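Here the structure is laid out as C-alpha cells; the discussion comes afterwards.
Note that this is a predicted model, so its numbers are computed, not measured.
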Amino acid sequence: VLDSQYGLYAWPCAVVLAQYLWAHRRSLPGKRVLEVGAGVSLPGVLAAKCGAEVTLSDSEELPRCLRNCRRSCLMNDLPHVPVIGLTWGRVSPELLALAPVDIILGSDVFFDPKDFEDTLTTVYFLLEKNPHAQFWTTYQVRSADWSIEALLCKWNLKNIPVPLHSFSADKEHLAGSPLPGRHTIEMMIISLARSDGT
C-alpha cells in the first residue's frame with residue numbers, strides 16, 4: 001500500500017462482504033445500515049442498491065476517504081446517501097446523533113491491531129442503541145497472533161463465524177472481480193452477548 005489512506009482502494013474483504021449482502025439481498029429493503037470504515041463503499045453502495053437505508057462513514061480525520069464515499073454514491077446514482085465522519089473509539093456528535101441501525105457493515109476494519117479495541121468500542125456503542133442489531137464483518141487473515149477474542153469478552157460481544165462456502169464466496173473470483181484472489185478471508189457476525197454469556 002503506497003497511500004496511508006487505505007480507504008482509497010477496493011480490498012478483497014469488501015468483495016466478499018458484498019457477496020454476502022447479495023446473497024441476503026431480500027432481507028435488506030427497509031433495514032437501517034451503517035458502513036464503518038467505508039472507503040470506496042462497495043458493501044454500503046450495494047446495500048443501498050438493494051433497498052436498505054444506508055449511511056456511509058469513515059474517519060473524520062481522512063477527508064479524502066469521505067470524498068471517496070461521496071464519489072462512490074454519485075457514480076452509483078445514490079446522491080442522497082449520507083456520508084459522515086466517524087472515528088473509531090471517539091464519541092463524537094455524529095456518533096451520538098446516529099439513529100439506531102439494524103446492520104453495521106465493516107470490511108477489513110480489523111486491519112491494524114492498534115485499532116481493534118477502538119473499532120469494537122464503536123461497534124458496542126452502536127449495538128447498545130439497538131440490542132438486536134448485528135455487525136457483519138469480513139477480515140483478511142494476516143497473522144495468527146492477531147485476535148479479537150479477548151476484546152469480544154471484554155465488551156460482552158459474541159461472534160458467529162460465517163463459512164464463505166455458505167454464500168458462494170469461497171472462490172478466487174467473485175462477480176467478475178479477481179478479488180479476493182488467493183487471500184484468506186474470514187467473515188463473522190458480531191452481536192451483543194446475552195447476560196448469560198451466550
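We find that Arg90 and Glu61 are joined by a salt bridge, their nearest charged nitrogen and carboxylate oxygen being less than 4.0 Å apart.
Val162 places a side-chain heavy atom less than 4.5 Å from the side chain of Tyr20. Considering only heavy atoms from C-beta on, Arg64 stays 4.5 Å or farther from Asn68 through its side chain. A heavy-atom distance below 4.5 Å is not found between the side chains of Thr55 and Val33. Inter-residue side-chain proximity for Asn130 and Val101 is flagged as unmet; no heavy-atom pair is nearer than 4.5 Å. For the pair Glu186 and Thr138, the minimum side-chain heavy-atom distance is 4.5 Å or more. Within the 4.5 Å cutoff, side-chain heavy atoms of Leu192 are placed close to those of Tyr124. Two residues are said to be in side-chain contact when any heavy atoms from C-beta on lie closer than 4.5 Å; Leu127 and Val123 meet this criterion. In this structure the side chain of Tyr139 never reaches within 4.5 angstrom of the side chain of Met187, judged on heavy atoms.
A donor-acceptor pair under 3.5 Å is absent between the side-chain atoms of Arg32 and the main chain of Val54, judged by distance alone. Between the side chain of Thr122 and the backbone N or O of Gly89, at least one donor-acceptor pair lies under 3.5 Å. Formation of a donor-acceptor pair under 3.5 Å by the Lys129 side chain with backbone atoms of Leu98 is found in this model. Distance alone, capped at 3.5 Å, is enough to place a donor-acceptor pair between the Arg25 side chain and the Trp22 backbone. Using modelled atom types, no side-chain atom of Asn159 and backbone atom of Ile190 make a donor-acceptor pair closer than 3.5 Å.
Atom CD1 of residue Ile189 and atom CZ of residue Phe135 lie 11.0 Å apart, to the nearest 0.5 angstrom. Between atom OG1 of residue Thr119 and atom CD1 of residue Ile148 there is a gap of 9.0 Å, rounded to the nearest 0.5 Å. To the nearest 0.5 angstrom, Leu78 atom CG is 5.5 Å from Cys73 atom SG. Here Lys31 contributes atom NZ and Gln134 contributes atom CD; the two are 9.0 Å apart, rounded to the nearest 0.5 Å. Interatomic distance, Leu66 CG to Ser59 OG, rounded to the nearest 0.5 Å: 7.5 Å. The CH2 atom of Trp88 sits 10.5 Å away from the CG atom of Leu120 when rounded to the nearest 0.5 Å.
Under 3.5 Å, the side chains of Glu117 and Trp155 contain a donor-acceptor pair of N or O atoms. With no hydrogens or angles considered, a side-chain donor-acceptor pair links Glu60 and Thr87 at under 3.5 Å.
Taking all atoms of both residues into account, the shortest heavy-atom contact from Asp102 to Gly30 is OD2-O, 4.4 Å. Summarising the geometry of Thr137 relative to Gly106, their closest heavy-atom pair is OG1-O, 2.7 Å, with the distance given to 0.1 Å. Considering all non-hydrogen atoms of both residues, Ile185 and Leu164 come closest at O-CD1, 3.3 Å.
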All N/O donor-acceptor pairs, side-chain side in residues 34-53, below 3.5 Å, sequence neighbours left out:
from: Glu35; atom 1: OE1; to: Gly44; atom 2: N; distance (Å): 2.8
from: Ser41; atom 1: OG; to: Gly39; atom 2: O; distance (Å): 3.2
from: Lys49; atom 1: NZ; to: Asn76; atom 2: O; distance (Å): 2.8

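Leu126 and Ile160 fall into different hydrophobic clusters, where Ile, Leu, Val, Met, Phe, Trp and Tyr side chains are chained together by heavy-atom contacts under 4.5 Å.
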Item checked: CA sep, side-chain torsions, deciding dist, call: Phe110, Asp115, side-chain contact (heavy atoms from CB on, under 4.5 Å) -> CA-CA 7 Å; Phe110 297 110; Asp115 295 326; over 6 Å; no

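In summary, of the residues considered (Leu86, Val81, Ile84), a side chain to side chain contact (heavy atoms under 4.5 Å, CB included) with Leu56 occurs for Val81 alone.
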